[in-house]
2 protein chains.
Amino acid sequence: MLEEEKAPKVRMGDIAKAAGISRQALYLHFPTRAELLVATARFLDEVNGADAKFASCSEARTGRERLDAFIQAWGGYIPEIYGVGHALLAMQDTDEAARAAWEDRMQAVRSGCRSAVEMLDSDGALCSELTAERAVDLLWTLLSVRNWEQLTQACGWSQAEYVREMQALAQRALIRTQS
Amino acid sequence: MLEEEKAPKVRMGDIAKAAGISRQALYLHFPTRAELLVATARFLDEVNGADAKFASCSEARTGRERLDAFIQAWGGYIPEIYGVGHALLAMQDTDEAARAAWEDRMQAVRSGCRSAVEMLDSDGALCSELTAERAVDLLWTLLSVRNWEQLTQACGWSQAEYVREMQALAQRALIRTQS
DNA sequence: ATGTCAACTTTACACAGTGTCAAGCAAAGG
DNA sequence: CCTTTGCTTGACACTGTGTAAAGTTGACAT
């Protein structure tokens with residue numbers, strides 16, 4: 001349901017109905033809407049084998065390979081959690097639990113960015129205008145779910161285009177030009 | 001009030017109280033919360049001389065100058081409308097008027113991006129890996145309010161750093177490397 | 001002085017969605 | 001047979017938006 005266009009408008013009652021139980025029964029399983037969404041996100045991670053996808057990144061031997069692999073993995077992962085993510089993002093301002101849950105996931109992405117940047121740095125491949133920390137900030141921002149949303153939704157990019165262009169952009173943005 | 005941290009939580013009653021009138025009187029002036037916010041945005045544009053700031057971009061003689069000038073102008077403009085913008089963004093999913101109003105403003109930004117990219121292109125300075133359209137998509141996304149928010153809030157960049165880094169990034173991202 | 005109009009006030013209410021609470025029912029299992 | 005578990009139904013509190021109606025106040029016109 002969350003993937004069907006209007007994620008934030010899926011109400012507790014809708015979910016209950018779809019599950020074939022009463023709205024109240026839903027509250028016997030999940031204390032709040034936020035926690036239901038968070039649990040859904042965790043469930044999706046498990047089902048989709050999220051860990052495995054990201055594990056393959058650490059096999060990369062150069063920083064550049066790692067950067068590409070990470071963008072591929074994360075970029076391919078976004079659409080799978082976008083439904084839940086969107087719903088969670090929509091309640092950031094009103095719900096502390098939702099904020100914390102999302103923040104947590106984003107910090108995980110950030111540490112993925114950091115790994116790639118550090119590997120680039122130790123290869124001596126990091127763009128000379130950037131410190132490692134600043135490069136992490138930039139990459140992390142480039143790869144935000146909102147940016148994916150804008151590019152694939154508003155700009156009409158396909159998933160494959162997104163990954164390809166983002167890899168190319170990240171290289172121009174972060175990697176020292178050979179000279 | 002909108003600039004004070006928790007923009008989306010400013011309610012009609014809060015505004016009325018601050019204005020020294022009753023909540024109902026507010027509805028005599030603005031039919032809905034969304035329209036009040038939109039009117040506020042327009043008002044801020046006027047007060048801050050938004051047009052003038054962007055007009056100076058078109059004086060640039062090279063694409064690169066124009067790119068820098070546009071990022072400077074828009075980047076400097078974001079903090080001025082961020083309060084209202086944030087409140088408007090927060091109600092995108094629930095309020096069609098808010099969505100349309102924001103979309104409208106963002107299309108204006110996009111056309112600023114397009115002007116800069118086209119000038120770069122006609123200078124022959126556009127990165128060879130990019131079509132003009134794709135460059136516009138990228139620049140527009142790079143300069144999103146959400147990205148500004150993430151970099152200045154979550155990453156702790158100062159306004160000056162944001163502008164400087166964004167100009168540098170845009171150059172690496174869009175401009176053909178001299179070779 | 002009287003009338004009228006505009007801007008506002010107070011009070012009340014409809015509506016949506018979340019979350020709480022309490023009483024009851026039905027099937028499973030010692 | 002009795003208890004527990006998982007549910008059901010129904011009612012309700014709360015928040016915030018927006019609507020509606022009746023009353024007040026001051027300015028200004030005749």
Side-chain angles (χ1 to χ4, degrees), chain A residues 1-44 46 81-105, chain B residues 1-44 46 81-105:
Chain A
M1 290 168 76
L2 290 170
E3 278 163 5
E4 269 165 23
E5 220 48 40
K6 0 122 202 299
K9 299 182 91 175
V10 178
R11 293 154 300 186
M12 292 300 269
D14 298 332
I15 298 168
K17 196 179 292 175
I21 60 176
S22 69
R23 189 172 70 90
Q24 314 319 322
L26 210 46
Y27 282 102
L28 297 175
H29 296 275
F30 304 96
T32 64
R33 195 176 111 99
E35 299 212 32
L36 188 160
L37 290 173
V38 171
T40 306
R42 270 198 285 269
F43 176 74
L44 282 179
E46 220 172 282
I81 49 141
Y82 177 64
V84 164
H86 190 56
L88 232 25
L89 277 170
M91 58 195 304
Q92 292 275 296
D93 300 304
T94 48
D95 191 296
E96 174 53 23
R99 214 214 88 262
W102 187 256
E103 158 94 12
D104 195 62
R105 308 199 127 231
Chain B
M1 288 168 76
L2 290 171
E3 279 164 4
E4 269 164 23
E5 223 46 44
K6 1 114 205 301
K9 300 183 90 177
V10 178
R11 293 154 300 186
M12 292 301 268
D14 299 332
I15 297 168
K17 195 179 292 177
I21 61 175
S22 69
R23 189 172 70 90
Q24 313 319 321
L26 209 46
Y27 282 102
L28 298 174
H29 296 274
F30 304 96
T32 64
R33 196 177 110 98
E35 299 213 33
L36 187 160
L37 290 173
V38 171
T40 306
R42 271 199 283 272
F43 175 73
L44 283 178
E46 220 173 281
I81 52 142
Y82 177 65
V84 164
H86 189 58
L88 232 26
L89 277 169
M91 57 195 304
Q92 291 277 294
D93 300 305
T94 46
D95 192 295
E96 175 53 24
R99 215 214 87 264
W102 188 256
E103 158 94 13
D104 194 62
R105 308 197 127 231

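Note that these values count all heavy atoms, side chains included, but never hydrogens, waters or copies made by symmetry. All chains are named by letter (A, B, ...) in the order of the sequence lines, taking the proteins before the strands, and each is independently numbered beginning at 1.
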| Atom-to-atom span, CD1 of B:Ile21 to P of C:dA7 - whole angstrom | 12 Å
| said: Please report the end-to-end axis angle for the helix from C:dA1-D:dT30 to C:dG30-D:dC1, five pairs per end, rounded to 10 degrees. | reply: 20°
| query | Of the residues in residues 24-35 of chain B, which ones touch DNA chain C at a heavy-atom distance under 4.0 Å? | reply | B:Gln24, B:Ala25, B:Leu28, B:His29
| message | So, using ring pair (Phe, Tyr, Trp, His ring centres under 6.0 Å) as the criterion, who are the partners of B:Tyr82 when residues are at least two apart? | response | B:His86, B:Trp148
| field | B:Leu44 CG to B:Ile81 CD1 distance, which is reported to the nearest 0.5 Å | value | 8.5 Å
| request: For DNA chain D, note the earliest and the latest nucleotide, 5' to 3', having some atom under 4.0 Å of a heavy atom belonging to chain B. | output: D:dG16 to D:dA20
| query | Just how far, in rounded Å, is P of C:dG17 from NZ of A:Lys17? | reply | 11 Å
| note | Sorted by chain and number, sequence neighbours left out, side chain to side chain contact (heavy atoms under 4.5 Å, CB included) with A:Ile15 holds for A:Val10, A:Leu26, A:Leu36
| request: Output all residues satisfying salt bridge (Lys or Arg N to Asp or Glu O under 4.0 Å) with B:Arg11, sequence neighbours left out; order by chain, then residue number. | output: B:Asp14
| message | How close do B:Met91 and B:Ala98 get, counting heavy atoms only, and between which atoms? | response | CG-CB, 3.7 Å
| field | Neighbours of DNA chain C within residues 82-100 of chain A, by heavy-atom distance under 4.0 Å | value | none
| task | Grab the two heavy atoms, one from A:Ala18 and one from A:Met1, that are nearest each other, plus how far apart they are. | result | CB-SD, 3.6 Å
| A:Arg99: what forms a salt bridge (Lys or Arg N to Asp or Glu O under 4.0 Å) with it, not counting sequence neighbours? | A:Glu96
Give each protein N/O atom lying under 3.5 Å from an N/O atom of nucleotides 26-29 of chain C, with the pair distance.
none

| said: Which residues pass the salt bridge (Lys or Arg N to Asp or Glu O under 4.0 Å) test with B:Arg105, not counting sequence neighbours? | reply: B:Asp45
| message | Just to verify, what does B:Thr32 make a side chain to side chain contact (heavy atoms under 4.5 Å, CB included) with, not counting sequence neighbours? | response | B:Ala34, B:Glu35
| message | Please list all pairs meeting ring-ring contact (aromatic ring centres under 6.0 Å, His included) that have one or both residues in residues 6-43 of chain A, counting only residues at least two apart or in different chains. | response | none
| field | Minimum heavy-atom distance B:Ile21-B:Ala25, with the two atoms named | value | CD1-CB, 3.8 Å
